[in-house]
Protein chains: 2
Amino acid sequence: MKENTEVTIYDIAKKLNLATSTISRGLKDHHSISKKTIQKIKKTAEEMGYSPNNLAASLRGNKMKTIGVLIPTVTQPFLSSLISGIEITAQKAGYTVVIMQSHDSYKEEVNLTKSLYNNRVSGVICSLAMETKDTAHFKIFTDNNTPLVFVDRVPKHFETFHVVIDNFSAGYKATKHLIDQGCKRIAHITAGYEYSIFYERKNGYIQALKDHGLPVLEELIVKVDEITYDEAEKVSKKLLNLKNPPDGIFAPGDILGVSALQFAKKRGIKVPEDLAIIGFNNDPISLIIDPSLSTISHPASKMGQASAEIILKYLKASKKNDEIEKQITFLNTEVLARESSNKKQIK
Amino acid sequence: MKENTEVTIYDIAKKLNLATSTISRGLKDHHSISKKTIQKIKKTAEEMGYSPNNLAASLRGNKMKTIGVLIPTVTQPFLSSLISGIEITAQKAGYTVVIMQSHDSYKEEVNLTKSLYNNRVSGVICSLAMETKDTAHFKIFTDNNTPLVFVDRVPKHFETFHVVIDNFSAGYKATKHLIDQGCKRIAHITAGYEYSIFYERKNGYIQALKDHGLPVLEELIVKVDEITYDEAEKVSKKLLNLKNPPDGIFAPGDILGVSALQFAKKRGIKVPEDLAIIGFNNDPISLIIDPSLSTISHPASKMGQASAEIILKYLKASKKNDEIEKQITFLNTEVLARESSNKKQIK
DNA sequence: AAACCAAACGCAACCGATTGTAATATTTAT
DNA sequence: ATAAATATTACAATCGGTTGCGTTTGGTTT
């Protein structure tokens, strides 16, 4: 089709008999260019159909105005909300967001960190893949002064920024909520490996039981290999087939909670009368299911915004050679009490 | 922290006493470099901790290996699945995906097209904002030989690639399904403006009624301003308050369908016995709600993959100066009959 | 009117890799 | 052994802006 249609600052410079440096500065209101000249430059730029080439501009600073986001998948409600929050914040600051999905694979994650680095993104926001235990592949960012924020699924030992909720206390709150409703035998579904967010939620659950004089029973703690409806149904069956079945379930994810709830309904077990259930995340499905699923709020969009803001702040400070201390940002969660755990009122 | 840690091909060249051009070619197995040299180059590159700078590499071709995705929001299940499909396909081909959200605003969409262009993305995939009627802002891509794919929400008149479902026939199928179940007074919820996907679905609905000897009644066609539960509840109320209420509803989106279903339940109207409902999209909520919502499948991930493949194919052909004809790709939909419309079996 | 100063603009190196073409080295053919 | 052919590698321009520093211009001060 058309060739060489591209208008560059050289073209503008030629037309106005000015140096390219003047054009470049004029275009961005540099103080050393007179207002008259600036106006003239902008006008002709407009007329000639000039559009800036971010690629070329970034080459000098060796960084694109881009934030890389590396997450397991975009299709989970929590993660798509996270992205949304990141994107909104980034967009306001003139940054672009690139998305990469690890599909919970360690190997893919390793490759994608390389891609992100090769693309010279300005900063990286990551929620770890399920499989990931070793996080050495992220050193490339911290070694090169690229701000790195871990969000939600964070590594245990990595000196960088973290944006999280307090999973221990959230697990504690969820469990306590069930206890408050009168549950005595509260089961828990867990997932992942040691030090994961699920691990902490489980610890919160255990602590809550202990604090309220309830025994911690191995048979009431079951583990899923994947967060899927099928897996959750399997373990729900296991739990409800117990000769002494639980009267409450704390599921650390709404998919797990919904699945348990559906299975209980199928079995004719009354929720919440015979079995109270609380999930986690406040996914859309938690409000759709009948009875509605009590859950723990998980401020996805806010976490995304907070993460992006940290990146932006870091980059700003970095320009002035300021240092910003690596820190953990905690966001709040709360119990969203709904029908699936509402024992008292019904009595 | 560390400064100038960056290893470039210059550093490798110096170390090996070779020219940068040799390094550049060696790194990508160019045939004119001997195997020995290639090995040597790769080895030292590895040792020196070299990592390619895509930014610099892209400057010459004036294009990043990046696909821009411009959509209303990432949080709708359909759209996050779309992204997922795009990302998977892009990743395999070594392309990166940048996401931008228009939030259904025409103005934002216009700005974001500029951003995408300024970033010199290789191709663009877009699902239009609700507000968008004029699509002149996309000409910048076609004018500059950047492949542009419109997906799902596409403009009526724009010579480029389209990836869609046949909304007319999907609307027809949905309506016919309700007719087949014995519905005589089928209502329809519509949205958006003329020529939108909703417009076509409505036309399919109308045609189905006509073909089966049913009257098209104005009072049974209601319109929402936004696709939200609240809006949908309002119009559902309107419909069910009719002195002669409908016995079926075709909602062109699962949020609308679920909302109608919930409202009917609240009113004590039996679904599907007294009111059959079918939605659209096959969102996760359609399976969670009780009774489960019949719906129309909408192959989001496949549409994403198809869109990305078109971009990749175009770019490949473009290198060889081949032309690819602009075309519309239709993907299939089908009726997913579930409980909310299962009148016959229950009788 | 000489000296001085700030404002406005130009020069040219630079960012890191790519690539057409020229130059040199190595093999093969005669 | 010498010319011809082929395999390797080097040179240098290029992509489009950015930026430190030097130069020019015009006005002020004494």
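Note on naming: letters A, B, ... go to the chains in the order of the sequence lines (proteins, then strands), and numbering restarts at 1 for each one.
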What's the [atom1]-[atom2] distance between [X] and [N], to the nearest Å?
{"X": "N119(B)", "N": "dC15(D)", "atom1": "CG", "atom2": "C1'", "result": "16 Å"}
{"X": "H31(B)", "N": "dA7(D)", "atom1": "NE2", "atom2": "P", "result": "9 Å"}
{"X": "L59(B)", "N": "dG17(D)", "atom1": "CG", "atom2": "C1'", "result": "9 Å"}

Step-by-step side-chain contact (heavy atoms from CB on, under 4.5 Å) determination, I310(A) to K326(A): CA-CA 10 Å; I310(A) 289 172; K326(A) 305 291 196 300; over 6 Å; no
Is there a side-chain contact (heavy atoms from CB on, under 4.5 Å) between F161(B) and I311(B)? Walk through the geometry before answering. CA-CA 9 Å; F161(B) 300 98; I311(B) 302 266; over 6 Å; no
Verdict with reasoning, R120(A) to N54(B), per side-chain contact (heavy atoms from CB on, under 4.5 Å): CA-CA 7 Å; R120(A) 298 300 188 270; N54(B) 291 346; over 6 Å; no
Using a heavy-atom cut-off of 4.0 Å across all strands, would you classify N54(A) as base, sugar-phosphate, or nothing? nothing
Report which part of the nucleic acid N17(A) touches: base, sugar-phosphate, or nothing (heavy-atom distance under 4.0 Å, all strands). sugar-phosphate
Main chain of [Y], side chain of [X]: is a donor-acceptor contact present, judged purely on distance under 3.5 Å?
{"X": "S105(B)", "Y": "E108(B)", "answer": "yes"}
{"X": "D152(B)", "Y": "S127(B)", "answer": "no"}
{"X": "T160(A)", "Y": "L148(A)", "answer": "yes"}
{"X": "S84(A)", "Y": "S80(A)", "answer": "no"}
{"X": "S122(A)", "Y": "M64(A)", "answer": "yes"}

Boundaries of the chain A footprint along DNA chain C (any atom under 4.0 Å from a heavy atom): dA8(C) to dG16(C)
N/O-N/O pairs, protein side and nucleotides 18-23 of chain D side, under 3.5 Å:
{"from": "dT18(D)", "atom 1": "OP1", "to": "K28(A)", "atom 2": "NZ", "distance (Å)": "3.2"}
{"from": "dT18(D)", "atom 1": "OP2", "to": "S24(A)", "atom 2": "OG", "distance (Å)": "2.6"}
{"from": "dT18(D)", "atom 1": "O2", "to": "R60(A)", "atom 2": "NE", "distance (Å)": "3.0"}
{"from": "dT19(D)", "atom 1": "O4'", "to": "R60(A)", "atom 2": "NH1", "distance (Å)": "3.3"}
{"from": "dG20(D)", "atom 1": "N7", "to": "R25(A)", "atom 2": "NH2", "distance (Å)": "3.1"}
{"from": "dG20(D)", "atom 1": "O6", "to": "R25(A)", "atom 2": "NH1", "distance (Å)": "3.4"}
{"from": "dG20(D)", "atom 1": "O6", "to": "R25(A)", "atom 2": "NH2", "distance (Å)": "2.8"}

Using the C1' atoms of five pairs at each end, what's the angle between the two axes of the helix from dA1(C)-dT30(D) to dT30(C)-dA1(D), to 10 degrees? 40°
Can you tell me if T96(B) and N119(A) form a side-chain donor-acceptor pair at under 3.5 Å? yes
So which pairs with a foot in residues 15-26 of chain A pass side-chain hydrogen bond (donor to acceptor under 3.5 Å, both in side chains), sequence neighbours left out? none
Let's go through Q101(B) and T73(B) carefully: what are the C-alpha distance in whole Å and the side-chain angles of both, what is the deciding distance for side-chain contact (heavy atoms from CB on, under 4.5 Å) to 0.1 Å, and is it a yes or a no? CA-CA 5 Å; Q101(B) 302 185 93; T73(B) 166; 3.4 Å; yes
Using a strict heavy-atom distance below 4.0 Å, which residues from residues 32-39 of chain B are in contact with DNA chain D? S32(B), I33(B), S34(B), T37(B)
Report the residue (N62(B) or L18(B)) whose heavy-atom-nearest nucleotide on DNA chain D is the more 5′ of the two. L18(B)
Of all pairs that satisfy ring pair (Phe, Tyr, Trp, His ring centres under 6.0 Å), the ones with a partner from residues 90-116 of chain B, not counting sequence neighbours: Y106(B)-H137(B)
Out of curiosity, F138(A) CZ to Y117(A) OH, how far, rounded to the nearest 0.5 Å? 15.0 Å
